[in-house]
Undergrad: 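I'd like to ask some things about the structure below.
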Amino acid sequence: MLNAAATALLTVLYLLHAAAMASGAYALGLLTGLLPPRKTAAADAGLPPALHFCLGVATGAGLLATAVAAEAALRGKFHGLVVSSLPWWSGILAAVGMGSLVRAWISERGSAAGVPTAQPLSWLHKALAAACALAAINVTLNALAPDCQMDSLWYHLSVARAWVEWDHFDAFAAVFPSNYSLLHSVLYAIALTMGDEIHCALINGLCGFVCFGSAALYARQWFGRPAAIWCW
């Protein structure tokens with residue numbers, strides 16, 4: 001019973017940490033000015049909050065990885081000023097991101113602008129939505145399990161682990177490279193400096209949710225809810 005309670009608590013902590021990382025990336029995407037403010041986006045582009053959040057997370061994560069990679073490339077070492085300051089300002093960014101999301105949710109509840117006309121869902125669409133929800137839960141639970149597969153430990157995490165443990169940005173030339181993009185490996189390395197392999201798996205799952213979620217939300221905005229379900 002005690003082990004089950006400790007496991008449940010650890011699961012909640014991992015999920016909260018993942019939510020903080022996502023909201024921090026969203027806040028970074030907003031603060032850079034590359035994304036318009038929430039009200040401007042809603043008025044000009046009609047972006048719903050969920051889609052704006054997905055675009056913000058993708059932009060913020062890419063900017064963070066770019067900043068870390070640029071500093072590491074210039075210094076030749078991975079542990080630089082940006083990485084060492086991450087534990088301090090990531091909490092500030094997470095608080096800003098959470099506050100922006102709450103304000104956007106409150107403002108959206110009081111306005112029906114930009115919301116597509118609701119379409120009735122058939123039994124097939126409801127079954128597909130249930131299958132999508134189960135698949136999302138399965139991906140999340142798999143990410144929370146300690147990874148022991150050679151494909152992950154010795155392939156996808158090899159470059160990120162080399163940067164963190166060797167503190168040399170050119171270490172990727174000495175290990176078997178992953179087919180992930182450079183910035184994805186940098187995000188993994190950042191997660192390893194602030195957590196462990198489970199955080200890397202959660203980031204991988206979050207990237208999938210952001211990509212597929214953005215496509216589904218665009219489909220919903222253009223063609224309605226049934227198209228979003230099929231797209232997801």
Undergrad: Do you know which two heavy atoms are closest between Gly80 and Arg75, and how far apart they sit?
TA: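 Nearest heavy atoms, Gly80 then Arg75: CA-NH1, 3.5 Å.
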Undergrad: How many angstroms lie between OG in Ser214 and CG in Leu55, if you round to the nearest 0.5 Å?
TA: 5.0 Å
Undergrad: Less than 6.0 angstrom separating the ring centers of Phe169 and Phe78, yes or no?
TA: no
Undergrad: Looking at every heavy atom in both Leu81 and Ser84, which two are closest together, and how far apart are they?
TA: O-OG, 3.0 Å
Undergrad: Ile190 versus Ile203: any side-chain heavy-atom pair under 4.5 Å?
TA: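 No, every pair of side-chain atoms sits at 4.5 Å or beyond.
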Undergrad: For the backbone of Asn138 and the side chain of Asn142, can you confirm whether one donor and one acceptor N or O come within less than 3.5 Å of each other?
TA: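 Looks like yes, one N/O pair under 3.5 Å.
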Undergrad: With side chains defined as the heavy atoms from C-beta onward, is the minimum distance between Arg225 and His125 less than 4.5 Å?
TA: no
Undergrad: CG/Leu13 to CD1/Ile198 distance, rounded to the nearest 0.5 angstrom?
TA: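 If I round to the nearest 0.5 Å, the distance is 11.5 Å.
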Undergrad: Grab the two heavy atoms, one from Ser185 and one from Ala160, that are nearest each other, plus how far apart they are.
TA: O-CB, 3.5 Å
Undergrad: List the atom of Ala61, the atom of Ala25, and the distance in Å for their closest heavy-atom pair.
TA: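 Nearest heavy atoms, Ala61 then Ala25: N-CB, 3.9 Å.
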Undergrad: Roughly how far, to the nearest 0.5 Å, is CG of Leu144 from CG of Leu10?
TA: 8.5 Å
Undergrad: Could you work out, with ring-ring contact (aromatic ring centres under 6.0 Å, His included) as the rule, every residue matching His17, not counting sequence neighbours?
TA: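 Residues passing ring-ring contact (aromatic ring centres under 6.0 Å, His included) with His17: His199.
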Undergrad: Among the clusters formed by ILVMFWY side chains lying less than 4.5 Å apart, do Val83 and Met194 turn up in the same one?
TA: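 As far as the 4.5 Å side-chain criterion goes, Met194 and Val83 are connected within one cluster.
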Undergrad: Kindly compute the distance separating OH (Tyr218) from CG (Leu51), expressed to the nearest 0.5 Å.
TA: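 So the OH of Tyr218 and the CG of Leu51 are separated by 4.5 Å.
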Undergrad: Quick check: is Leu93 connected to Val186 through a chain of hydrophobic side chains (ILVMFWY, heavy atoms under 4.5 Å apart)?
TA: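 Same hydrophobic cluster.
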Undergrad: Say whether Leu206 and Leu15 are linked into one hydrophobic cluster, either directly or through other cluster members, by side-chain heavy-atom distances under 4.5 angstrom.
TA: no
Undergrad: Given a cutoff of under 4.5 Å between side-chain heavy atoms of I, L, V, M, F, W and Y, with clusters grown through shared members, what are the other residues clustered with Leu16?
TA: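 Once heavy-atom contacts under 4.5 Å are chained together, Leu16 belongs with Val12.
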Undergrad: Find the distance between CG (Leu183) and OG1 (Thr66) and round it off to the nearest 0.5 Å.
TA: 4.5 Å
Undergrad: What's the shortest heavy-atom distance between Ala94 and Ala20, and which atoms?
TA: CB-O, 3.5 Å
Undergrad: Who else is in the cluster with Phe212 when I, L, V, M, F, W and Y are joined by side-chain contacts under 4.5 Å?
TA: Val139, Phe209, Trp232
Undergrad: Could you check if a side-chain atom of Tyr26 sits within less than 4.5 angstrom of a side-chain atom of His52, using non-hydrogen atoms only?
TA: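 Heavy-atom side-chain distance check passes, below 4.5 Å.
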Undergrad: Please round to the nearest 0.5 Å and tell me the distance separating atom OH of Tyr14 and atom CG of Leu9.
TA: 11.5 Å
Undergrad: Is Ile229 close to Arg220 at the side-chain level, that is, under 4.5 Å between some pair of heavy atoms?
TA: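 No, side chains not in contact.
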Undergrad: Could you tell me which non-hydrogen atom of Gly97 sits nearest to which non-hydrogen atom of Ala27, and how far apart they are?
TA: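 For Gly97 and Ala27, the tightest heavy-atom pair comes out as N-CB, 3.5 Å.
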Undergrad: If you group Ile, Leu, Val, Met, Phe, Trp and Tyr by side-chain heavy-atom gaps below 4.5 Å, do Leu64 and Leu192 land in one group?
TA: yes
Undergrad: For Trp163 and His79, does a side-chain donor sit closer than 3.5 Å to a side-chain acceptor?
TA: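 No, His79 and Trp163 have no side-chain donor paired with an acceptor closer than 3.5 Å.
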Undergrad: When clusters are formed by joining ILVMFWY residues with side-chain heavy atoms under 4.5 Å apart, either directly or through shared neighbours, do Leu28 and Ile92 land in the same one?
TA: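 In one cluster with Leu28: Ile92, no.
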